[in-house]
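Report on the structure given below.
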Amino acid sequence: MALTEFFHELLAPDKVDEAWLIIQNQFPTAIWETLYVTVLSTLFAILIGLPLGVLLVTGEKKGILPLPAWLMQTLNVIINLLRSVPFLILMIMVFPLTRAIVGTVVGTEATVVPLVIAAFPFVARLTESSLREVNPNLIEMAQSMGASPLQIITKVMIPESVPSLLSNATIAITTVLGYSAMSGILGGGGLGKIAINYGYYRYKDLIMIAAVILLIVLVQLFQSVGTRLAVHSDKRLK
Amino acid sequence: MADEDRIMLEIAGLKKKFGEDVILDGVDLTINKGEVVVMLGSSGCGKSTLLRCINGLESFDEGSIRIDGEEIVSGSKAMTHLSQKIGMVFQSYDLFPHRNILDNITLAPVKVQRRAKEDARAQAEQLLRRVGLWEKRKAYPRELSGGQKQRVAIVRALCMNPEIMLFDEVTAALDPEMVREVLDVMLELAQGGMTMLIVTHEMGFARAVADRIVFLDEGKILENLPAETFFNNPSTQRAKDFLQTFEFKKH
């Protein structure tokens, strides 16, 4: 049967030996690179995206800190523009910026720049949706107690949406992980690069499958840790 | 004491529209220090809007509101300082679900009023003990019953040392047994000399607690009478009809 033949060929002893050697040699660094790029990029994206998401909610006409309408529109257009460019195209488009910041456009560090550019508008939107879930009565309550807009943001809106923010941070980090694997095709490091270099360019399917399995494991790991943190932080549930 | 010194809240010619709808149509109301005023009226008569105007949550079109001689302007810088003088309790408790009871109470005194943490906690303890909820200080709001939540909400407002307390149908969402425990706290507060403006549908309570009854209808104050006079002998037909809806007679 074709399927058994396929597996027979895939798992031929010499291929398995060869794959195992490459896995031992290359994977530890690749996993480290993937984690490093993903975590660092997500952190930067949150650093930019979280305040931006706050502005998207508070800066509205009926928000607690209304901003000029043209400014809000500009913000929204920029975020939508960045969100609509496919990641690989965006990566090429920001090459000049990447070169200016990192000095090169290939390698692990270099991918952080396009990843942050791709992820921060996403984080801003996720933050926006989290903050919109906060009960408006609580914000009024804080206002009626004389809290300033900054106090309302830092003491009410953000603390009250922590479970939702954590769930959304998990979505962000898994998305960035996916992007970082994609970046392997344009000089990025990590598991994506290995999957493409060995699997796609050199027909070493086993290596590709191993890399993909590891990516899946990483996503599962992020997701279960994130979900656990989010549930744990939710004081509205038993 | 001069007359102006006795006045806690002074509302003059207050008008408020939502689009074409006139919600408040020239409201005049004065509340003296230590006075307890209960505002009655059917739903939609503008009671809640009036309270929201008083603590600056709602802007208004005409007229003025003064608290202790200072004018209320919604959204102004001075409002931050002024709203600390006004304690407000809503029907929906609005406790912060992710903070425990003690933190719910001390948050504003510490962050907004910049008081020392120990000082705020000491006052919170004293107030919580008074309403019998000190044991619940570490609990989260979801672990409390409606009546307990509302008592905490009252304590939270009191911990800001307000000069006047506004209550907006605070027992409307509660089971009958829980209504009592909340009303008892308010009654005690009234007897302690707090200036209060209460919106309620609990007629028995209104009668017991109020120095004065204000009857609001279609955005206008129709009656402004001592409590006993209002209940025994209201001067307008509208008020008579309103009171009638609370009576049940066998035919």
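Below, read A as the first sequence line, B as the second, and so on, with proteins coming before strands; counting in each chain starts at 1.
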When you measure from the side chain of B/D168 to the backbone N and O of B/Q91, does any donor-acceptor pair fall under 3.5 Å?
no
So, applying side chain to side chain contact (heavy atoms under 4.5 Å, CB included) with A/L52, which one of A/L75, A/T127, A/V123 is it?
A/L75
Quick one: does A/T174's side chain have a donor or acceptor within less than 3.5 Å of a partner on A/I171's backbone?
yes
Is it true that B/K17 and B/E62 make a salt bridge, defined as a side-chain N closer than 4.0 Å to a carboxylate O?
no
With sequence neighbours excluded, tell me which residues meet ring-ring contact (aromatic ring centres under 6.0 Å, His included) with A/F87.
A/Y179
Could you tell me whether the side chain of B/I154 reaches within less than 4.5 Å of the side chain of B/V131, counting heavy atoms only?
no
Please confirm whether the backbone N or O of A/S148 pairs with a side-chain atom of A/Q151, one donor and one acceptor, at under 3.5 Å?
yes
Let me know if B/Y140 has heavy atoms under 4.5 Å from chain A in its side chain, its backbone, both or neither.
side chain
One option among B/S83, B/A157, B/P97 has the most heavy-atom pairs under 4.5 Å with chain A, and it is B/P97
Using a strict threshold of under 4.0 Å (side-chain N to carboxylate O), is an ion pair present between B/E181 and B/R151?
yes
Under 4.5 Å, counting heavy-atom pairs only, tell me which of B/H81, B/R156, B/K85 racks up the most with chain A.
B/R156
Got a donor-acceptor contact below 3.5 angstrom from the A/T227 side chain to the A/S224 backbone?
no
Please output the residues of residues 159-169 of chain A in contact with chain B, using a heavy-atom cutoff of under 4.5 Å, in numerical order.
A/P159, A/E160, A/P163
Taking A/N76 for the side chain and A/M72 for the main chain, is one N or O donor matched with an acceptor at less than 3.5 Å?
yes
Charged N to carboxylate O below 4.0 Å: is that the case for A/R132 and A/E128?
yes
Cationic N near anionic O, under 4.0 Å, B/E70 to B/R66
no
Measure B/I86 against the heavy atoms of chain A and call it side chain, backbone, both or neither at under 4.5 Å.
backbone
Okay, B/M160 and chain A: the region with an atom under 4.5 Å from a heavy atom over there is side chain
May I ask you to decide if A/N137's main-chain N or O and A/N135's side chain share a donor-acceptor pair within less than 3.5 Å?
yes
Under a 4.5 Å heavy-atom cut-off, does chain B meet the side chain of A/Q143, its backbone, both or neither?
both
Under a plain distance cut-off of 3.5 Å, with no hydrogens placed, do B/Q123 and B/N161 share a side-chain donor-acceptor pair?
yes
Given the options B/K111, B/Q84, B/M88, B/Q113, which has more heavy-atom pairs under 4.5 Å with chain A than any of the others?
B/K111
Based on non-hydrogen pairs under 4.5 Å, which of B/N100, B/L107, B/D94 is most in contact with chain A?
B/D94
Could you list which of residues 42-60 of chain B have a heavy atom closer than 4.5 Å to any heavy atom of chain A, in residue-number order?
B/R52, B/N55, B/L57
Quick one: which residues of residues 208-223 of chain A reach chain B at under 4.5 angstrom, heavy atoms only?
none
Under 3.5 Å donor-acceptor, B/E125 side chain and B/A122 backbone
no
Any donor and acceptor pair, going by atom type alone, linking the side chain of A/R125 with main-chain N or O of A/G53 inside 3.5 Å?
no
Between B/N104 and B/R137, do the side chains contain an N or O donor and an N or O acceptor separated by less than 3.5 Å?
no
At a 4.5 Å cut-off on heavy atoms, which part of B/L82 comes close to chain A: side chain, backbone, both, or neither?
neither
